[in-house]
Every structure is written in C-alpha cells, then in structure tokens.
Trainee: 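Here it is: the structure, laid out below.
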Amino acid sequence: MKEKSMTVFCSVVYCAPFAEITASIMRILGIDPGSETTGWGVIEGDSRRYSLVDCGAVRAATGQKFPARLLRIANALEEIIQRHHPDACAIEDGFLATNVKVTLKLGQVRGVAMLVAERAALEIHEYSPRLVKQTVVGHGSAEKFQVQQMVKRLLSLNSVPEPHDVADALAVAICHFHHASFAKRVLETQSSAKLSDLKLTHLNVRPPARHSARRRISR
C-alpha cells in the first residue's frame, strides 16, 4: 500500500486521511502544544472502535518571533476546527520543564489552543502526560516510542505518524475517547437504574431493598 503524502495548506501540515469514516458518533480533536511544533489529530468512532480522520502539525517559520508563532497556531487551529467540526477538544496538560522559559512558552501555547477551542464552543478536556501514557500504553512511565507504536496499532496505521508531536496529539485524543466512553456508560447505567425505579414507583411496586452485609459474631 502506498504511503500517504503530506501537503502544506495555509501553514498547516496535513496528513491525508488513512480511512473513510462511515459512522459519525463522536469526533475528537487532540492537541499536543509546542512552541516550535504543535501536533494535532482528529479521531472519530463509537464506544467500540475509532479511526483516524486527519492529523498534522503546525510548524513555526524559521526566525519567526514568538507572538507571531502564537498567531500562526491560533489561525491554524481555527482552520482545522472549521474543516473537521470536532465535538470536543482534548489537550495535553502542562508540565514543569527544567527551563522556566520553556514552561512559560508552553503555557502560552496551551492558552491559545484553549481559547480557540472555547471560541468554537467545544468541550475542553485536559489530560496529564502520565495519564495519557497510562491510558494508551498501560503504564504512566512509558517511553515516547512506546506511545507512538501503540497509536499506530490502535488506529491501524501503516506507519507511525510524524513528527512525534502528531503521534502525541493522537494519543491525547485516544485518551479522551476512552475516558469519555467510560463516563458515558456510567451515566447510561445510572439513568437506566433511575428509570427502572420510577417505573416501579408508578406501578406501586416497592423496589427491592438493598440490604447491607451484616457481620456474624461468633461466641
């Protein structure tokens, strides 16, 4: 199978979709903020499976001042949201880098990404790097290459998305997909239980008592 080519469109690097999506239930935009390269990825699916819609990276131009980079990232993310119409935005939470300036810049990029998502009326969810690794790989201390390989496997891709910022963004989206699906199932279970109790009350049937376990005392 031929590798998908990458094209540059309005300063955004796009990776052509790997598969056609037939059922639209939940579409998530994952973002991995970076002052030099900001990765992004869109996945879509139901509670059982999901697939890659599109992914890419926003790269800073050589010698570009930081405020101009922020504007470039904001414009690119707005374009991506208009292009794919996601239901929610999952973004990697900040971490304390060794260099204070790096930490501050990453915080500013995250702020821009969250502002764009909020302006588009998207639900915004933040996940720590450790939780993303734990969800995707199985343990929070996983290496980057392990995350990339699991992203490739979970999305049934022919190769690992590049640059690594793209794979990280897809990992964040996958993380939200799992947690959102779990939360949805919990709510559905609770709603079903409440509806059952309401039906029993309407029929004047007393719902089964919930007995607490009693400890037997031997003498």
Side-chain angles (χ1 to χ4, degrees), residues 3-18 27-44 52-133 144-145 147-148 151 157 159-176:
E3 294 291 336
K4 297 293 182 178
S5 59
M6 299 176 70
T7 56
V8 179
F9 184 74
C10 294
S11 78
V12 185
V13 179
Y14 283 96
C15 301
F18 286 82
R27 179 171 285 195
I28 302 166
L29 168 63
I31 300 176
D32 176 48
S35 57
E36 296 288 340
T37 304
T38 294
W40 63 272
V42 180
I43 63 174
E44 184 179 63
L52 174 65
V53 176
D54 202 359
C55 62
V58 184
R59 291 191 176 100
T62 304
Q64 192 173 35
K65 293 183 178 180
F66 187 66
R69 295 182 190 179
L70 295 178
L71 178 61
R72 188 186 187 102
I73 293 169
N75 292 338
L77 292 178
E78 286 178 354
E79 178 188 335
I80 292 162
I81 291 172
Q82 292 174 4
R83 181 186 179 100
H84 294 294
H85 305 286
D87 300 306
C89 173
I91 185 169
E92 187 172 84
D93 200 356
F95 64 94
L96 295 177
T98 306
N99 191 320
V100 178
K101 290 184 178 180
V102 172
T103 302
L104 291 174
K105 286 186 176 181
L106 286 176
Q108 290 172 313
V109 175
R110 289 184 68 257
V112 166
M114 294 174 70
L115 174 62
V116 171
E118 182 67 24
R119 183 176 291 169
L122 298 181
E123 292 184 8
I124 302 173
H125 303 269
E126 301 175 67
Y127 297 97
S128 67
R130 185 174 183 82
L131 180 58
V132 173
K133 293 177 181 179
K144 272 191 175 293
F145 78 91
V147 175
Q148 295 166 1
V151 167
L157 306 180
S159 59
V160 174
E162 295 180 353
H164 67 83
D165 311 84
V166 178
D168 291 343
L170 290 171
V172 178
I174 291 172
C175 177
H176 173 67

Trainee: Distance check, rounded to the nearest 0.5 Å: L71 atom CG versus K65 atom NZ?
Mentor: 14.0 Å

Trainee: Decide yes or no on side chain to side chain contact (heavy atoms under 4.5 Å, CB included) for H164 and F145, but give the supporting numbers first.
Mentor: CA-CA 9 Å; H164 67 83; F145 78 91; over 6 Å; no

Trainee: Any chance you could lay out the side chain to side chain contact (heavy atoms under 4.5 Å, CB included) test for V109 and L70, step after step, and finish with the verdict?
Mentor: CA-CA 6 Å; V109 175; L70 295 178; 3.9 Å; yes

Trainee: I'd like to check the side chain to side chain donor-acceptor pair (under 3.5 Å) partners of E126; sequence neighbours left out, ordered by chain and number.
Mentor: R110

Trainee: Mind jotting down which residue pairs meet the ring pair (Phe, Tyr, Trp, His ring centres under 6.0 Å) criterion with at least one end in residues 104-125? Sequence neighbours excluded, please.
Mentor: H125-H176

Trainee: Backbone N or O of H84 within a donor-acceptor pair of the R27 side chain at under 3.5 Å?
Mentor: yes

Trainee: Could you tell me which non-hydrogen atom of A113 sits nearest to which non-hydrogen atom of I91, and how far apart they are?
Mentor: CB-CD1, 3.8 Å

Trainee: How many angstroms lie between atom CG of D54 and atom CG of L170, to the nearest 0.5 angstrom?
Mentor: 9.5 Å

Trainee: If you measure from CD1 on I80 to CH2 on W40, what distance do you get to the nearest 0.5 Å?
Mentor: 4.5 Å

Trainee: Which pair of heavy atoms, one from G56 and one from V166, lies closest together, and at what distance?
Mentor: O-CG2, 3.2 Å

Trainee: Quick check: does any side chain N or O of D32 sit under 3.5 Å from a backbone N or O of D168, one acting as donor and the other as acceptor?
Mentor: no

Trainee: Which residues pass the side chain to side chain donor-acceptor pair (under 3.5 Å) test with E36, sequence neighbours left out?
Mentor: R69

Trainee: To check you understand the geometry: which heavy-atom pair defines the closest contact between I31 and C89, and what is its length?
Mentor: CD1-SG, 3.6 Å

Trainee: Measure across A57 and T37 and return the closest heavy-atom pair with its distance rounded to 0.1 Å.
Mentor: CB-CG2, 3.7 Å

Trainee: When rounded to the nearest 0.5 angstrom, what distance separates CG in L104 from OG in S35?
Mentor: 11.5 Å

Trainee: Evaluate L115 against R119 for side chain to side chain contact (heavy atoms under 4.5 Å, CB included), listing each step before the verdict.
Mentor: CA-CA 6 Å; L115 174 62; R119 183 176 291 169; 4.2 Å; yes

Trainee: Hey, could you give me the CD1/CE distance between I124 and M114, rounded to the nearest 0.5 Å?
Mentor: 5.0 Å

Trainee: Can you name the nearest heavy-atom pair linking L52 to V42, along with the distance?
Mentor: CD1-O, 3.5 Å

Trainee: Where is the tightest heavy-atom contact between A117 and I81, given as atom of each residue plus distance?
Mentor: CA-CD1, 4.3 Å

Trainee: Are Y127 and D93 close enough, and set up right, to give a side chain to side chain contact (heavy atoms under 4.5 Å, CB included), and what steps lead you there?
Mentor: CA-CA 5 Å; Y127 297 97; D93 200 356; 5.9 Å; no

Trainee: What's the separation between atom CD in E92 and atom OG in S128, rounded to the nearest 0.5 Å?
Mentor: 8.5 Å

Trainee: Please answer whether the main-chain N or O of A76 pairs with a side-chain N or O of E79 as donor and acceptor at a distance below 3.5 Å.
Mentor: no

